[in-house]
Amino acid sequence: MTTTQERTAWVAEMDRIKTLRDQAAFADLFDYFAPRLKGFLMRGGTSEALAEEIAQEVMAIVWTKADMFDASRASVSTWIFTIARNRKIDVLRKTQRPEPEDLSWGPEAEPDQADQLSAQQEQSQLKTAMSQLPQKQRELVERAYFGDQSHSQIASETGLPLGTIKSRIRLALDRLRHAMDGN
Amino acid sequence: MTNIKHHLTDDVLLAYCTGTLPEAFSLVVATHISLCETCRSHMDTLDALGGVVIEETPKAAMSSGSLEACLKMAESMPKDPIKMEAAGKSKRQKSAGLFPAPLQDYVGGDLDAVRWRPIGLGVKQAILKTSRDASVRLLYIPTGAAMPDHTHNGTEMTLVLQGAFQDESDYFGAGDVEIADEEMNHTPVAVGPVDCICLAASDAPLKFNGILPKVLQPFFRI
Ligand SMILES: [Zn+2]
Ligand SMILES: [Zn+2]
């Protein structure tokens, strides 16, 4: 993939899914995301069978609710992550996650091309910044996303003091935010 | 709100975004983010980071026929209200009134819908229903009145919705959130021209240092 393609990754496919109910576009999206979702869930300790089922379910929501995807607010992978997270909370933790309301009042203007690009651009900047983090910091951040693992569980597994884990994660997030501001 | 001074910590926001924060705390987080642009932008970054992690995670092969199974699943999905939450990042209408939309969902309306219970000295509370790993309540503290002096067994998060309170550590106005842990021992006092209304979550019962509140604690589930 070239950089430009990466920046607008999957937005065109989502458009075709949304407006044309294009099954071929969805098949491409499925081939890319479903195995990654399954891998993501398994890294968090979910069994293979359940991970497969939740990955299918997440993609089924993507297909059914495609019209709710808004490229000016999030990249495709971010949107899919939030769906997967919410399914995990529903299915595995059996609890609720209240969502914040919007800050702006009234009807919003149609998002333009520039907004869409910036959400996708932010994503690829973040990807670069993440890959530039020191290995140990990156691992801790990833673990936080994989799972139902609290800091104290990570502490007992890695032998690192709780304070070290917390400060490493904080440092990593500071760096990522800094990288985002700098662009 | 632009003059918010006390924000959510990275620990709390990360737990919210990765889905490991108890429901009671998540309600405080969602309510604060409804009022705070700074924390909203941090949340957006953490969600985007989730997208990056998904893309970078090594693939696990799907079983054969999984695409067909997925489309079949989609057919039987209720088109209509798969809950808003299920669809991930999507728009939530801004509420009118004092309480942001996520809080109104739990109260069943705005301030006038709250079913207050007096807990003494003019202080009132309303416990909201959430999963039991933590609890969350609305507190009404008349200006000048104090919450009983207490320490915490776990973590306590308090978000000011109206008025303000002052404790040993700082001043907290509307929109501010205070995160207190085991080491903290404080006596919040409502200050300013209007009564203070807070949303407070904790993952363990508070320990009161005075005699009277200790006696009352089992009855009022503070
Ligand atoms: Zn904030
Ligand atoms: Zn307290």
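Lettering of chains follows the sequences in order, A, B, ..., and the numbering in each one begins at 1.
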Who wins among [options] for the most heavy-atom pairs under 4.5 Å with chain A?
| options | answer |
| --- | --- |
| B:S131, B:A48, B:S26 | B:A48 |
| B:H42, B:M62, B:E75 | B:M62 |
| B:P22, B:S41, B:C17 | B:C17 |
| B:D133, B:D11, B:L27 | B:D11 |

Verdict with reasoning, A:F30 to B:C70, per side chain to side chain contact (heavy atoms under 4.5 Å, CB included): CA-CA 9 Å; A:F30 186 93; B:C70 165; 3.6 Å; yes
Nearest heavy-atom neighbours spanning [X] and [Y]:
| X | Y | result |
| --- | --- | --- |
| A:E57 | B:M73 | CA-SD, 3.5 Å |
| A:E52 | B:S63 | OE2-OG, 2.7 Å |
| A:T64 | B:A74 | OG1-CB, 3.7 Å |
| A:I89 | B:G19 | CD1-CA, 3.6 Å |
| B:P102 | A:E101 | CD-N, 4.1 Å |
| A:M42 | B:A60 | SD-CB, 4.0 Å |

Stepwise side chain to side chain contact (heavy atoms under 4.5 Å, CB included) check, B:D10 with A:R177: CA-CA 12 Å; B:D10 277 345; A:R177 272 193 292 262; 2.9 Å; yes
Interchain contact, [X] with chain B, by part (heavy-atom threshold 4.5 Å):
| X | result |
| --- | --- |
| A:I80 | neither |
| A:L176 | side chain |
| A:Y145 | both |
| A:V76 | neither |
| A:M59 | both |

Evaluation steps, side chain to side chain contact (heavy atoms under 4.5 Å, CB included), between A:Q123 and B:V52: CA-CA 7 Å; A:Q123 182 81 8; B:V52 171; 3.6 Å; yes
[X] side chain to [Y] backbone, donor-acceptor under 3.5 Å:
| X | Y | value |
| --- | --- | --- |
| B:E23 | A:T95 | no |
| B:Y16 | A:R97 | no |
| A:R36 | B:T57 | no |

Do [X] and [Y] have side-chain heavy atoms sitting under 4.5 Å apart?
| X | Y | answer |
| --- | --- | --- |
| A:F81 | B:V53 | no |
| B:L46 | A:L173 | yes |
| B:T45 | A:L126 | yes |
| B:T9 | A:R170 | no |

More than 12 heavy atoms from other groups under 6.0 Å of NZ on B:K59: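 Result for NZ/B:K59: open.
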Euclidean distance, B:T18 OG1 relative to A:R143 CZ, rounded to 0.5 Å: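 Nearest 0.5 Å value for the CZ-OG1 distance: 13.5 Å.
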Rounded distance [0.5 Å steps], CD in A:E99 versus CE in B:M43: 7.5 Å
Side chain, backbone, both or neither: which part of [X] has a heavy atom under 4.5 Å from chain A?
| X | result |
| --- | --- |
| B:E56 | side chain |
| B:A61 | backbone |
| B:I54 | both |
| B:L14 | side chain |

